[in-house]
Structure formats: C-alpha cells, structure tokens
Undergrad: 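Next up is a structure, given as structure tokens.
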Amino acid sequence: MEWYGDTWVVHADIVASAYFLLTRYEEIRKRNVRDIHGRFPGKESLPYKAGFIHRPIVDEYGKLLRRWLRQARVQSATEPAPQIQKVWLTHDVDAPFFCRTFRNLIRETVKGIGFAQAWKIFCGPLREDPFYTFPWLLEQGNELKKAIGKERCESVFFIKSGGSSVYDRPYYKLHSKELQELLLLCKTENGRIGLHTSYDAGKTPALIAAEKELLEKQAGGPVNYNRHHYLASCEPEDMDWLEKAGITDDFTMGYPDVAGFRLGTCRPVHWINPENKRISSLVLHPLTIMECSLNEPVYMNLSYEEALAYSLQLAGQVAESNGELVLLWHNDSITDRIKPNVSVDWQRKLFAAIIEELKKA
C-alpha cells in the first residue's frame with residue numbers, strides 16, 4: 001500500500017479475494033477433491049493451508065476498507081464497537097432418543113446395556129432417555145437470552161424428515177408420540193424448528209422440497225431454516241435447490257474437520273452462485289463451531305482445555321467483526337449417562353462453559 005501523489009494504491013485485490021472465499025470458488029475448481037461423503041475437506045482449503053481458517057478474513061478486509069476511507073476523510077466510514085450481534089445455538093437431531101423403539105430395545109438387549117436397563121428406559125418417562133437432552137439445551141438458550149437479550153440469541157433444532165441410506169440412521173417417525181412431544185417442547189420453549197436435510201438429499205438435492213413439506217406438515221407451520229446432514233452440501237450450486245424449495249436461511253457452511261470461518265466471514269451473506277454470478281435470496285449463516293470437529297481424532301483432536309481456548313478465540317474474532325456466532329452441539333453428544341460412539345465426555349461441560357462466557361458479552 002502506498003501513495004502516488006494524492007492517490008492511495010493498494011497492491012491487492014481484496015474484492016476478488018472476498019469473492020473467492022464467499023462463493024467457495026476453489027471448491028468448484030477442485031471438483032476432484034472430496035472426502036467419502038462428497039464434502040470438500042477443510043484441511044484442503046486455502047484458509048486452512050495458509051493459516052487463517054481461524055480468522056474471518058473477509059471481515060478484516062472490511063475493516064481495512066473502512067480505515068482507508070477514513071484516511072480519505074469519508075466521515076461515514078466509522079468502526080462499530082466490538083460485539084457479537086447474534087448467537088445461534090443450533091442442534092442437529094440425528095438421534096433424538098437412545099431407547100424408545102422396539103428396534104432400540106432389541107439392539108441394547110443383544111449387544112448393549114442389557115434387557116433390564118433397556119426396558120427401564122424404553123418404558124420410562126421420555127425425559128429419562130439419555131439422549132433427550134433438549135430441555136437442558138433449551139434452558140441454556142433461555143438463560144443466555146436473559147443475559148444478552150432475546151433478540152440476540154436463538155435456539156434452532158434441525159430435524160430429519162427423510163433419508164434411507166445407512167448414514168441417515170437412526171430413522172425416526174415424525175408422527176410418533178415422542179417426536180410430537182419434542183416438537184411441542186420446542187414450540188412452548190421458543191425453540192425454532194429447522195429442516196435437517198437427509199444424507200440422501202445431499203446426494204440428490206431434488207428430494208429437499210418433499211422433505212421440507214413433510215416436516216412442515218408434522219410441525220404444523222412453515223420451516224424456512226436448513227442444515228444438511230453430515231454438513232454434506234456437496235457442490236456450491238446445490239444451494240439452488242434450497243432456494244427453489246422455499247428455504248430462506250441455511251446453516252450448513254462449516255467444515256466438518258476443522259472449526260473456523262469457511263466463507264471467510266462470520267456475517268450472514270446472500271449465497272452467490274459462482275457459475276452464473278447470481279446473488280440469490282438464500283441467506284447463509286456461516287457455522288463457527290461444531291462440537292465433534294474439536295475432539296474427534298480424525299478432525300482436530302483437541303483436549304478439553306484446547307477446545308475451550310480455541311472456541312473462545314473464535315468467539316472473540318466474531319465479536320471483533322460484529323458478526324454472528326453459530327454453534328452446533330448435537331443432543332446425543334452431551335448425554336451424561338450413556339455415551340455409545342462418543343469419544344469424549346466433556347462436551348456438555350464445554351457447551352456450558354461457552355454459554356457462561358457469552359453471558360458476559
């Protein structure tokens with residue numbers, strides 16, 4: 001950056017760089033770089049390889065631009081005070097219950113906790129099911145709303161309504177008594193319902209509209225939010241199917257294998273289709289942290305202390321950029337009793353610790 005007479009010259013194209021990140025342009029140019037689920041790996045991305053996945057670099061460009069404008073005496077280019085504008089507490093309901101169906105009962109009898117204990121859970125109150133942690137999650141959200149204001153925090157539960165692949169298991173029925181009780185709990189406790197697009201629909205996006213319609217029928221109202229199961233929105237242009245189905249907001253844009261800023265920003269942005277350069281009506285809310293990204297050995301493999309420090313660092317970056325903090329914690333990862341297929345037992349503690357820090361924001 002330098003002056004040429006009275007002209008300020010920047011030898012970098014921050015507009016093109018922002019476009020590169022916001023459109024996921026490299027994912028289109030590297031169609032052959034995908035994991036077994038068809039996703040572009042975060043550790044193959046430029047932000048990760050260049051060492052700035054933990055920084056919302058596009059928002060930093062905005063700060064630079066405003067500073068340059070102030071240097072040019074544009075008085076309106078003021079810098080807002082650091083603050084997280086909104087916290088999204090989002091939860092993917094992959095496995096809503098541990099043992100509430102005959103299939104679950106047989107599974108646990110044959111190769112799980114045994115018939116006696118499984119029968120007790122199967123016949124007992126729903127709130128005694130180890131995976132039914134929704135009341136606690138809603139309580140955390142409501143406490144945060146009291147601390148920072150209800151307009152600055154929202155809890156969203158993404159529920160599946162389709163899918164038949166092995167990766168869509170466990171299958172659950174929306175019209176079942178237990179699911180209807182969950183839907184009622186969300187309604188009474190101000191938890192918004194979103195569509196958890198199935199793994200099958202990630203592969204065949206034409207299925208999205210039917211899944212949305214089915215969920216709306218059972219939820220008794222419109223469903224406008226979406227997140228893809230496994231974060232498996234495979235190709236950037238697949239977002240077009242969400243828009244056609246009537247989805248207004250998508251929360252998929254995070255890398256499974258590394259937490260950070262996939263789009264280079266922590267602000268909600270309209271999806272840009274890089275194939276035709278069209279700015280759509282669909283709003284993308286970049287995912288900041290998914291809990292299993294932090295601890296899984298094949299992902300970041302952090303300890304509790306490391307995960308907390310990194311999470312708070314990302315939250316600090318969001319505050320500096322006046323952005324949104326989007327958290328994803330699965331209901332079955334915070335169970336404090338039975339933890340099949342869960343590699344660590346501190347996710348509940350970590351979520352609570354982050355909430356406590358956010359209350360001070």
Side-chain angles (χ1 to χ4, degrees), residues 42 53-54 84 86-99 113 117 121 125-148 152-158 182 185-186 189-191 227 231 251 254-260 266 287-319 324-361:
I53 188 69
H54 62 290
I84 296 176
K86 187 157 187 175
V87 179
W88 295 93
L89 303 178
T90 71
H91 313 288
D92 291 357
V93 186
D94 297 342
F97 317 114
F98 174 68
C99 191
I113 59 178
Q117 194 174 355
I121 297 173
L126 185 57
R127 287 175 178 254
E128 292 298 314
D129 187 283
F131 286 1
Y132 196 79
T133 56
F134 307 104
W136 185 82
L137 289 169
L138 284 162
E139 180 184 353
Q140 298 300 303
N142 288 332
E143 288 182 3
L144 182 57
K145 290 176 186 178
K146 291 177 184 177
I148 67 174
R152 292 179 58 206
C153 177
E154 190 165 351
S155 294
V156 186
F157 295 84
F158 292 98
L182 171 58
L185 174 69
C186 291
E189 294 295 326
N190 300 313
R227 176 180 286 133
L231 302 183
F251 293 78
Y255 290 121
D257 55 334
V258 58
C266 56
L287 173 60
T288 319
I289 305 167
M290 178 172 67
E291 91 279 47
C292 53
S293 301
L294 301 171
N295 68 263
E296 290 296 328
V298 294
Y299 291 161
M300 299 181 73
N301 196 26
L302 303 179
S303 67
Y304 169 78
E305 291 76 14
E306 292 169 333
L308 178 59
Y310 187 63
S311 298
L312 296 181
Q313 177 191 5
L314 293 178
Q317 293 276 10
V318 171
E324 294 183 345
L325 180 67
V326 181
L327 305 179
L328 165 52
W329 255 252
H330 295 75
N331 60 289
D332 56 329
S333 74
I334 60 166
T335 175
D336 56 3
R337 291 175 57 193
I338 299 171
K339 301 181 174 66
N341 302 320
V342 176
S343 59
V344 298
D345 61 0
W346 43 254
Q347 287 295 357
R348 189 184 186 101
K349 176 183 174 183
L350 178 62
F351 187 75
I354 293 172
I355 295 296
E356 286 302 315
E357 289 298 321
L358 292 176
K359 287 179 182 178
K360 307 170 187 176

Undergrad: Give the C-alpha distance, both sets of side-chain angles, the deciding distance and a yes or no for side-chain contact (heavy atoms from CB on, under 4.5 Å) between F157 and L182.
TA: CA-CA 10 Å; F157 295 84; L182 171 58; 5.6 Å; no
Undergrad: Supply the atom-to-atom distance L350 CG to I334 CD1, rounded to the nearest 0.5 angstrom.
TA: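 Those atoms lie 11.0 Å apart.
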Undergrad: I need the minimum non-hydrogen distance between V318 and L325, along with the two atoms involved.
TA: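 Looking at all heavy atoms of both residues, the closest pair is CG1-N, 3.8 Å.
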Undergrad: Examine distances only and state if a side-chain atom of Y310 and a backbone atom of L294 form a donor-acceptor pair shorter than 3.5 Å.
TA: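 Looks like no, no N/O pair under 3.5 Å.
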Undergrad: What's the verdict on side-chain contact (heavy atoms from CB on, under 4.5 Å) for E143 and I355, showing C-alpha distance, side-chain angles and the deciding distance?
TA: CA-CA 9 Å; E143 288 182 3; I355 295 296; 5.6 Å; no
Undergrad: Locate the shortest heavy-atom distance separating N331 from A95; write the atom from each residue and the value.
TA: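 Distance-wise, the nearest heavy atoms are ND2-O, 3.0 Å.
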Undergrad: For C99, does its backbone N or O pair with a side-chain atom of D129 as donor and acceptor, under 3.5 Å?
TA: yes
Undergrad: Can you tell me how far OG1 of T288 sits from NE2 of H54, rounded to the nearest 0.5 angstrom?
TA: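 If we round to the nearest 0.5 Å, H54:NE2 and T288:OG1 are 14.0 Å apart.
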Undergrad: Please report the shortest heavy-atom distance between S155 and G141, naming the atom on each side.
TA: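 Of all heavy-atom pairs spanning S155 and G141, the closest is OG-CA, 3.9 Å.
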Undergrad: Does the side-chain contact (heavy atoms from CB on, under 4.5 Å) test come out yes or no for F134 and E189, once each step is laid out?
TA: CA-CA 10 Å; F134 307 104; E189 294 295 326; over 6 Å; no
Undergrad: What are the two closest heavy atoms between L308 and A353, and how far apart are they?
TA: CD1-CB, 4.0 Å
Undergrad: So, D332 side chain and F131 main chain: donor-acceptor pair closer than 3.5 Å or not?
TA: no
Undergrad: First locate atom OG1 of T335, then atom CZ of R348, and finally report the distance between them rounded to the nearest 0.5 Å.
TA: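 Here the interatomic distance stands at 7.5 Å.
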Undergrad: Closest heavy-atom contact between L287 and V326?
TA: CD1-O, 3.5 Å
Undergrad: Quick one: ring pair (Phe, Tyr, Trp, His ring centres under 6.0 Å) partners of F158, sequence neighbours excluded?
TA: F251
Undergrad: Once you round to the nearest 0.5 Å, how far does CG of L328 lie from CG of D92?
TA: 4.5 Å
Undergrad: Roughly how far, to the nearest 0.5 Å, is the NZ atom of K145 from the CG atom of L138?
TA: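 These two atoms lie 8.0 Å from each other.
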Undergrad: In plain terms, say whether K359 and E356 are close enough for a salt bridge, that is, a side-chain N and a carboxylate O under 4.0 Å apart.
TA: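 Yes.
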Undergrad: Over all heavy atoms of both residues, which pair between L144 and C153 is shortest? Give the atoms and the distance, please.
TA: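 Taking every non-hydrogen atom into account, CD2-SG, 3.7 Å.
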Undergrad: How long is the span from the CG atom in D257 to the CG atom in N301, to the nearest 0.5 Å?
TA: 13.0 Å
Undergrad: Can you list the steps and then say if E291 with F351 is a side-chain contact (heavy atoms from CB on, under 4.5 Å)?
TA: CA-CA 9 Å; E291 91 279 47; F351 187 75; over 6 Å; no
Undergrad: Take the angle between the ring planes of Y304 and W346 and call it parallel below 30°, perpendicular above 60°, tilted in between.
TA: perpendicular
Undergrad: Knowing that exactly one of Q140, Q347, H91 qualifies, which makes a side-chain hydrogen bond (donor to acceptor under 3.5 Å, both in side chains) with W329?
TA: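 Result for side-chain hydrogen bond (donor to acceptor under 3.5 Å, both in side chains) with W329: Q347.
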Undergrad: Strictly distance-based, threshold 3.5 Å: is any side-chain N or O of S303 a donor or acceptor partner for the main-chain N or O of E306?
TA: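 The answer is yes, because a donor-acceptor pair under 3.5 Å joins these two groups.
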